[in-house]
Novice: 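Can you read through this structure? Questions will come right after.
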Number of protein chains: 2
Amino acid sequence: MDVMSRKERERLAHRSEILRAAEKVFALKGFFQTTMNEIARTAEFGTGTLYKFFKSKEDLYFTLIDEKTDEIYTKVQAELTREAPAIERITNVLFFELEFMERNRDFFKIYTSEGGRFEWSIQNECGKKVHEKMVRYIHLLAQVFQQGIDTGELKSFNPLDLAHAFEGIVHSFIFEWLIHPEPYSLVSKAETILGIFLTGAKEGKEEIG
Amino acid sequence: MDVMSRKERERLAHRSEILRAAEKVFALKGFFQTTMNEIARTAEFGTGTLYKFFKSKEDLYFTLIDEKTDEIYTKVQAELTREAPAIERITNVLFFELEFMERNRDFFKIYTSEGGRFEWSIQNECGKKVHEKMVRYIHLLAQVFQQGIDTGELKSFNPLDLAHAFEGIVHSFIFEWLIHPEPYSLVSKAETILGIFLTGAKEGKEEIG
DNA sequence: TCATATTATGAACCACCATTCTTAAAATGG
DNA sequence: CCATTTTAAGAATGGTGGTTCATAATATGA
């Protein structure tokens, strides 16, 4: 049952088109170097039209990030709060993340570049929202690690430290994949990531004799 | 023996003062939001004077990064190419890095924000230089891991993957430390980082014996 | 000290956008 | 079809900030 009028539906469609165009341009040039004009041209709208949907460039930018992060975070959250061994949940989340980034290269370029600008982002009203969501995600992850420790699956490191370490590794693999000139499957790195994170780099002393 | 004239020495001193001021302002506001005017005011020079030392804002920015990275990379490089067990070298480098960042909070804010802007940075002539240095560093690290694998100290993961994972963890701990409101010792996290990286998160099933 | 050369200065210039606003076009509906 | 309302457009506006340059300040050295 469609409760929206044709007008409303069209309006929404136009909004998404603008967001899609913005994503492309922001990913290519970063926030400060993309102009509203260019986004408008890419989306095939007039410049003024953008302001019918978003009250400023910042608003457009953060809305973009906010809606996309929601898309992945809801999925990840569902998996993390499931009833299952911690390692299994972490593994699945890793696959989610990698697969999502593989399908949303542009988005991650924007997302990752947010990392650098925290001073500015965090001051900003919309930026704060995005940042809080990242924090909540890390804490959720830490909670799962805590459970893994409790069940004896994991060593008793500080769970928040584990979460940071895990995200650090994942992030750096995604980053590497992004700047790599010839594309390869990001998901194929999952085994490696898990291997290093779970069993560590050091060769276990195999005291044979 | 001083081969520089007083003039030359003064000129050099002024240059450093400008760089120091720039570091402070860039760290606080990021590249696009700091103005040459503000850097000049901070350094107590006229705006035009900056252009006697640096041909543009970009030049100033990348010179800053370039010279600081040299400072740490030479130290790190010396340690990495030393004759010693791989794990020992990695451990020392980790302490270097953390200690350096602890003394150069501002610099790392700039450095990390470079991560995000790779499209732009890499196109840029000066940016390319900085990027190449990062790549060289990672490869050096990978080489050490390779040696560690050869000597049986480390498991035979792909050494480049190990290097990325290691830097990912370190980076994420530094990042966390940066945004944390009340300061704590970064160096104190070294044990944790090494623990996670070397032995992994999973509780050991005491493989064989 | 004074004439000259050198250097520093910051006001002015100019290009660049985010945003607004007038105008033109398209819906609407009688 | 026409009158009226709604919406889209992109030119015009205003503010900003990197860079330059004419001038002031300072140094030099005779």
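Side chains are part of it too, since the values below use all heavy atoms of this structure and drop only hydrogens, waters and symmetry mates. Letters go in sequence order (proteins before strands), and every chain restarts at 1.
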Novice: Tell me: CG of B:N37 to C1' of D:dT20, nearest whole Å?
Specialist: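 So the two atoms are 14 Å apart, to the nearest Å.
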Novice: B:S56 has a side chain; which of C:dA18, D:dT19, D:dA9 sits nearest to it?
Specialist: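 Nucleotide nearest to B:S56's side chain: D:dT19.
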Novice: According to a strict under-4.0 Å criterion, is B:T49 in side-chain N/O contact with OP1 or OP2 of C:dT9?
Specialist: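 True: B:T49 side-chain N/O within range (under 4.0 Å) of C:dT9 OP1/OP2.
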Novice: Rounded to whole angstroms, how far apart are NZ on A:K52 and P on C:dT20?
Specialist: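 For the pair A:K52 NZ and C:dT20 P, the rounded distance is 10 Å.
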Novice: Could you state the NZ-P distance from A:K57 to C:dC17, rounded to the nearest angstrom?
Specialist: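 Distance check: A:K57 NZ to C:dC17 P gives 8 Å.
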Novice: In plain terms, say whether B:R20 and B:E17 are close enough for a salt bridge, that is, a side-chain N and a carboxylate O under 4.0 Å apart.
Specialist: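 So B:R20 does not pair with B:E17 through a salt bridge.
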Novice: Atom NZ of B:K29 and atom P of D:dT16: how far apart are they, to the nearest Å?
Specialist: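 My rounded result for the distance is 13 Å.
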Novice: Take the protein atom CZ of B:R11 and the nucleotide atom P of D:dA27, then report the distance between them rounded to whole Å.
Specialist: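 From B:R11 CZ to D:dA27 P: 16 Å.
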Novice: Given atom CD of B:E10 and atom P of D:dT26, what is their separation to the nearest angstrom?
Specialist: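 That distance rounds to 14 Å.
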Novice: Taking 4.0 angstrom as the limit, do A:R103 and A:E99 come out as a salt bridge?
Specialist: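 So A:R103 pairs with A:E99 through a salt bridge.
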Novice: Pick the closest DNA chain D nucleotide for B:Y51 and for A:F53 by heavy atoms, then say which residue is nearer the 5' end.
Specialist: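 The residue whose closest nucleotide sits nearer the 5' end is A:F53.
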Novice: Nearest to the side chain of B:M36, heavy atoms from C-beta on, is which of D:dG10, D:dA8, D:dG18?
Specialist: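 The answer is D:dG18, which lies nearest to the side chain.
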Novice: With no hydrogens and no angle check, is any side-chain donor or acceptor of B:K202 less than 3.5 Å from a backbone partner on A:G195?
Specialist: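 The answer is no, because no donor-acceptor pair under 3.5 Å joins these two groups.
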Novice: Taking only side-chain N and O atoms of A:T35, does any of them lie within less than 4.0 angstrom of OP1 or OP2 on C:dC17?
Specialist: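 Negative; the distance criterion is not met.
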Novice: To the nearest Å, how far apart are B:F54 CZ and C:dA8 P?
Specialist: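 Rounding to the nearest Å, CZ of B:F54 and P of C:dA8 are 13 Å apart.
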Novice: For the residue pair A:F107 and A:Y111, categorise the inter-ring angle as parallel (less than 30°), tilted (30 to 60°) or perpendicular (more than 60°).
Specialist: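 Tilted, since the angle between the ring planes falls between 30° and 60°.
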Novice: Can you tell me how far P of C:dC17 sits from CG of A:L60, to the nearest Å?
Specialist: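 After rounding, the gap between these two atoms is 16 Å.
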